[in-house]
Amino acid sequence: MQLSAALAAQVDRVRRLDPDQLATIEHAASLVPGIVAELDLAGFVSPLVEDDKPRFLLRFSSPADSVLKIYGDAPRGEGPLLTEWRRSGIPTPRLIHGELGGCSWLLLEYVRMAPVTPDLRLTDQLASWGAVMHRRSPAVAATLRPLAATMLPRWQLAAHRLRSLGHRVPAHWAELAEQAYTAGDAVPLHGDLAAANLGLTSDGVVLFDASALAGPREFDAARWCARLARHGPDPERALRRMAALEPEFDLGIGVDLLAVESVLEAGSLATAADPRPDVMAQLLTLANRILP
Ligand SMILES: Nc1ncnc2c1ncn2[C@@H]1O[C@H](COP(=O)(O)OP(=O)(O)OP(=O)(O)O)[C@@H](O)[C@H]1O
Ligand SMILES: [Mg+2]
């Protein structure tokens, strides 16, 4: 496939499926030739994903097997944060990053990886990285987006979807969600700690795709544990294990965030290809038990 055809195809999917983001993906597309020239990239292989998100993920074979990720919106902290983590020993892909035309780009090594198994062993491993991942860093602080501003619109959407299906999601829970997302001190967060953003390589597990948010350190664990429910482990039990393994983890904040994230996850399951009503019910029971 030609690079120009891959760009046009992604722009076309966004135009059809998420037209509000059309200007963003068109702007990203306009930046690709300049970045490709600046980085001396050649041998376009293929897009890594063919979806309707307003960013590109493009694989090139030269000068090395690599992935160019370009967003069309405001600069993000993904590059700086992953770089900082890698420097501190968290396994992330090698990368360089920069900005052009008011947008972020990352050039990552292409990593051959298999899906991870989201179980309690992996949960413990992630928890053991928490102290480093969540370390305050002046180098990245300015690039992080506030957790509440990013999550609340998604939470509201999930709550609306659940109510329309007849589930109990009281209106005042939105305030509890905001309180939970703004509790404690704001530290760097992955923001989307989930199996889809981890891979298994011959050297072990690798972490990527940081949303690079600023919020309470307990959030990454809460999100991970809420999503773990669909794979079997009990979310609250998993959260308590993570709390015990990460210094400065406040279990009270963590449990509140788990309840809030359980609503979000139940809302996501409602539109998933495999909706899992049993897991949805489990997550909503947990939320109703914890949220007043
Ligand atoms: N460096 C890489 N090497 C190999 N495959 C990759 C690499 N980066 C991403 N991928 C593949 O592309 C998929 C999507 O990448 P990624 O998670 O970074 O972005 P996303 O979730 O689609 O986008 P967004 O940043 O908008 O959330 C990954 O799940 C993985 O399969
Ligand atoms: Mg991802």
Side-chain angles (χ1 to χ4, degrees), residues 1 6-7 9-11 13-14 17-18 20-22 24-25 27-29 31-32 35 39 41 43-83 85-86 90-99 103-118 122 126 133 143-145 147 150-151 153-154 157 188-213 219-220 223-224 227 264-265 268 272-273:
M1 185 189 247
L7 298 181
Q10 185 81 8
V11 170
R13 279 188 295 273
V14 173
L17 302 168
D18 192 6
D20 288 352
Q21 297 295 329
L22 181 59
T24 303
I25 191 69
H27 184 50
L31 300 173
V32 171
I35 297 172
L39 299 173
L41 298 175
F44 174 65
V45 180
S46 64
L48 280 191
V49 287
E50 298 186 16
D51 58 14
D52 60 345
K53 288 195 190 176
R55 55 93 188 86
F56 292 105
L57 271 161
L58 308 164
R59 184 173 175 190
F60 292 85
S61 62
S62 173
D65 198 354
S66 51
V67 176
L68 179 64
K69 190 171 189 180
I70 304 177
Y71 293 97
D73 56 6
R76 292 164 178 240
E78 181 176 352
L81 188 58
L82 288 179
T83 301
W85 286 351
R86 189 176 162 81
I90 305 290
T92 65
R94 256 193 307 273
L95 83 152
I96 56 172
H97 61 90
E99 286 177 23
C103 301
S104 299
W105 59 261
L106 292 82
L107 185 68
L108 306 119
E109 66 172 310
Y110 180 83
V111 182
R112 235 163 265 285
M113 49 194 169
V116 295
T117 306
L122 180 55
L126 297 177
M133 286 171 61
T143 68
L144 304 174
R145 294 175 294 167
L147 175 68
T150 306
M151 297 309 298
R154 296 181 201 173
L157 200 64
L189 300 175
H190 183 283
D192 193 13
L193 199 56
N197 294 326
L198 295 158
L200 190 60
T201 73
S202 49
D203 294 331
V205 174
V206 64
L207 172 65
F208 53 92
D209 194 20
S211 300
L213 308 178
F219 176 79
D220 279 338
R223 185 166 187 78
W224 170 259
R227 302 202 89 187
L264 193 58
E265 176 64 0
S268 303

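Indexing begins at 1, ligand by ligand and atom by atom, following the structure's order. Small disclaimer: the values here were computed from a predicted structure and weren't measured. Numbers here are sequence positions counted from 1.
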Hey, can you pull the donor-acceptor pairs under 3.5 Å for the side chains in residues 192-201, sequence neighbours left out?
unit_1 : atom_1 : unit_2 : atom_2 : d
Asp192 : OD1    : Arg223 : NE     : 3.1
Asp192 : OD2    : Asn197 : ND2    : 3.2
Asn197 : ND2    : Asp192 : O      : 2.9
Thr201 : OG1    : Asp203 : N      : 3.0
Thr201 : OG1    : Gly204 : N      : 3.3
Thr201 : OG1    : Gly204 : O      : 2.9

Distance check, rounded to the nearest 0.5 Å: [X] atom [atom1] versus [Y] atom [atom2]?
X	Y	atom1	atom2	answer
Arg145	Leu189	CZ	CG	11.5 Å
Leu17	Asp52	CG	CG	5.0 Å
Glu109	Ser66	CD	OG	10.0 Å

Is it the side chain, the backbone, both or neither of Asp192 that has a heavy atom closer than 4.0 Å to ligand 1?
-> neither
Does Ser211 approach ligand 1 within less than 4.0 angstrom via side chain, backbone, both or neither, non-hydrogen atoms only?
->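 It is neither part, as no heavy atom is under 4.0 Å.
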Who's the nearest protein heavy-atom neighbour of [atom], and how far?
atom	value
atom 28 (C) of ligand 1	Phe208 CE1, 3.6 Å
atom 6 (C) of ligand 1	Leu48 CD1, 3.4 Å
atom 22 (O) of ligand 1	Arg55 NH2, 2.5 Å
atom 31 (O) of ligand 1	Met113 CE, 4.6 Å
atom 14 (C) of ligand 1	Leu57 CD1, 3.5 Å
atom 17 (O) of ligand 1	Asp209 OD2, 2.9 Å
atom 4 (C) of ligand 1	Val111 O, 3.2 Å
atom 29 (O) of ligand 1	Ala196 O, 3.4 Å

Taking the non-hydrogen atoms of Arg112, is any one of them nearer than 4.0 angstrom to ligand 1?
->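 No; Arg112 lies far enough from ligand 1 that no heavy-atom distance drops under 4.0 Å.
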Arg59 near ligand 1 by a heavy-atom separation under 4.0 Å | no
Output yes when a side-chain donor or acceptor of [X] lies under 3.5 Å from a complementary backbone atom of [Y], and no otherwise.
X	Y	result
Thr24	Leu22	no
His190	Phe208	yes
Glu78	Ser211	no

Near [X], which atoms of ligand 1 are under 4.0 Å from a heavy atom of that residue?
X	result
Leu108	1 (N)
Asn197	17 (O)
Tyr71	24 (P), 25 (O), 26 (O)
Val67	1 (N), 2 (C), 3 (N)
Lys53	20 (P), 21 (O), 22 (O), 23 (O), 24 (P), 26 (O), 27 (O)

Of the options Val67, Leu107, Leu106, which is the one that meets Leu95 in a side-chain contact (heavy atoms from CB on, under 4.5 Å)?
-> Leu106
Are the charged groups of Lys53 and Asp18 less than 4.0 angstrom apart, N to O?
-> no
Do Gln10 and Asp51 pass the side-chain hydrogen bond (donor to acceptor under 3.5 Å, both in side chains) test, and can you show the C-alpha distance, the side-chain angles, and the key distance before you say yes or no?
-> CA-CA 7 Å; Gln10 185 81 8; Asp51 58 14; 2.9 Å; yes
Just checking, Arg76 and Tyr71: is the charged tip under 6.0 Å from the six-membered ring centre and within 45° of the axis?
-> yes
From the Mg ion (ligand 2) out to just under 2.8 Å, does an N/O/S atom of Asp192 turn up?
-> no
Ignoring hydrogens, tell whether any protein atom lies closer than 4.0 Å to atom 25 (O) of ligand 1; use the non-hydrogen atoms only.
->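 Under 4.0 Å from atom 25 (O) of ligand 1, at least one protein heavy atom found.
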